[in-house]
Participant: 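I am attaching a structure below and will ask some questions about it afterwards.
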Amino acid sequence: MARVLIGFMGAGKSTVGRLLSDQLYDMDDMLVERLGMPIKDYFAKEGEPAFRQQETALLEELLADPEAVISPGGGVVLSPENRQLLEGHEVIFLELDFDSLYDRISQDQGAERPLFLNNSREAFKAIFDSRQAIYKEAASLTIQVGDKTPEQVAEAILENSH
Ligand code: S3P
């Protein structure tokens with residue numbers, strides 16, 4: 001059973017994932033490599049649906065490894081196909097409120113997230129709102145990130161998972 005960290009942009013999926021495994025599959029990093037350009041450029045050139053197809057193909061490949069620890073992008077839960085692929089795996093939702101996430105993302109300019117760059121705060125909040133029920137539904141475990149450090153989040157995952 002693979003372990004997959006889900007949650008909105010800025011929730012700490014990659015940082016926490018690296019604490020859980022020194023062989024983390026960071027899907028955004030792998031996609032940048034595979035697509036040969038930053039995700040922001042791929043969105044602009046090929047469009048979001050093409051990105052989502054690439055994301056699904058990679059997710060399916062990675063889930064074939066039962067030992068995998070995977071940090072997908074925050075939008076991975078959008079596709080019913082992906083949600084079906086995730087069923088039966090340990091899916092951990094890192095939950096955090098919108099304002100905290102927005103602050104974190106605003107400070108993390110390096111990641112160049114197209115949905116953040118191309119939307120107003122209101123529109124970005126609407127994307128956040130539209131996904132919350134989907135994250136909860138897809139998750140087998142929800143961890144409240146709150147003020148926890150990444151180490152504390154990793155610890156909470158290990159304490160609560162099997
Ligand atoms: C996305 C999240 C990003 C990246 C892309 C789309 C999303 O990953 O995959 O910009 O739709 O939530 P992070 O969650 O790692 O920022």
Participant: So with a 6.0 Å cut-off around CD of E60, is the heavy-atom count from everything else above 12?
Facilitator: no
Participant: For L24 versus V69, what's the shortest heavy-atom pair and its separation?
Facilitator: CD1-O, 3.4 Å
Participant: For atom CG of D147, is the number of surrounding heavy atoms from other residues, nucleotides or ligands below 6.0 Å larger than 12?
Facilitator: no
Participant: Please walk me through it: do D65 and Y25 pass side-chain contact (heavy atoms from CB on, under 4.5 Å)?
Facilitator: CA-CA 11 Å; D65 173 2; Y25 293 118; 3.1 Å; yes
Participant: Closest heavy-atom contact between T56 and N82?
Facilitator: OG1-OD1, 2.7 Å
Participant: For the CG atom of L101 and the CZ atom of F116, what is their distance to the nearest 0.5 Å?
Facilitator: 11.5 Å
Participant: Looking at every heavy atom in both L85 and L63, which two are closest together, and how far apart are they?
Facilitator: O-CD1, 3.5 Å
Participant: Please determine whether a side-chain nitrogen of the Lys or Arg among E95 and K136 lies less than 4.0 Å from a carboxylate oxygen of the Asp or Glu.
Facilitator: yes
Participant: Quick check for you: to the nearest 0.5 Å, what is the distance between K40 atom NZ and L115 atom CG?
Facilitator: 13.5 Å
Participant: Distance only, no hydrogens: is a donor on one side chain within 3.5 Å (strictly under) of an acceptor on the other, for R3 and S161?
Facilitator: yes
Participant: Are any side-chain N or O atoms of H89 and backbone N or O atoms of A2, one a donor and one an acceptor, separated by less than 3.5 Å?
Facilitator: yes
Participant: With a 4.5 Å heavy-atom cut-off, do L141 and V91 have their side chains touching?
Facilitator: no
Participant: Test F51 against E46 for side-chain contact (heavy atoms from CB on, under 4.5 Å), laying out the working first.
Facilitator: CA-CA 7 Å; F51 174 78; E46 306 289 345; over 6 Å; no
Participant: If I compare all heavy atoms of V4 with all of P72, which pair ends up nearest, and what's the gap?
Facilitator: CG1-CG, 3.6 Å
Participant: Main chain of L78, side chain of R83: is a donor-acceptor contact present, judged purely on distance under 3.5 Å?
Facilitator: yes
Participant: Are there more than 12 heavy atoms of other residues, nucleotides or ligands under 6.0 Å from atom CD of E137?
Facilitator: no
Participant: Looking at CG of N160 and CD1 of I143, how far apart are the two atoms once the value is rounded to the nearest 0.5 Å?
Facilitator: 5.0 Å
Participant: Do the side chain of Q152 and the main chain of T149 share a donor and acceptor less than 3.5 angstrom apart?
Facilitator: yes
Participant: Between CZ of F124 and CZ of F8, what distance do you get to the nearest 0.5 Å?
Facilitator: 4.0 Å
Participant: Return the minimal non-hydrogen interatomic distance between A11 and V145, and the atom names on each side.
Facilitator: O-CG2, 4.0 Å
Participant: Taking atom OG of S71 and atom CE of M30, what is their separation to the nearest 0.5 Å?
Facilitator: 11.5 Å
Participant: Is the shortest side-chain N to carboxylate O distance from R104 to D99 below 4.0 Å?
Facilitator: no
Participant: So, D26 and K13, do they make that salt bridge, N to O below 4.0 Å?
Facilitator: no
Participant: Any non-hydrogen side-chain atom of L86 less than 4.5 Å from a side-chain atom of L59?
Facilitator: yes
Participant: Give a yes or no answer on whether the side chain of D41 reaches the backbone of M37 with a donor-acceptor pair at less than 3.5 Å.
Facilitator: no
Participant: Looking at CD1 of I70 and CD1 of I6, how far apart are the two atoms once the value is rounded to the nearest 0.5 Å?
Facilitator: 12.0 Å
Participant: Checking S100 against D97: is there a side-chain donor and acceptor pair closer than 3.5 Å?
Facilitator: yes
Participant: With no hydrogens and no angle check, is any side-chain donor or acceptor of Y135 less than 3.5 Å from a backbone partner on T142?
Facilitator: no
Participant: For R113 and I105, what are the C-alpha separation, side-chain angles and deciding distance, and is it a side-chain contact (heavy atoms from CB on, under 4.5 Å)?
Facilitator: CA-CA 9 Å; R113 298 172 170 98; I105 297 167; 3.9 Å; yes
Participant: Are D129 and K125 ion-paired here, with the side-chain N under 4.0 Å from a carboxylate O?
Facilitator: yes
Participant: Using the test side chain to side chain contact (heavy atoms under 4.5 Å, CB included), find all partners of L19 that sit at least two apart in sequence or belong to another chain.
Facilitator: P150, E151, A154
Participant: Determine whether the aromatic ring centres of Y102 and F128 lie less than 6.0 Å apart.
Facilitator: no
Participant: Any sub-3.5 Å donor-acceptor pair from S21's side-chain atoms to R18's backbone N or O?
Facilitator: no
Participant: Salt bridge check: are R34 and E55 linked by an N-O gap of less than 4.0 Å?
Facilitator: no
Participant: Check the pair L20, L158 against side-chain contact (heavy atoms from CB on, under 4.5 Å), reporting the backbone distance first and the verdict last.
Facilitator: CA-CA 8 Å; L20 294 174; L158 295 174; 3.9 Å; yes
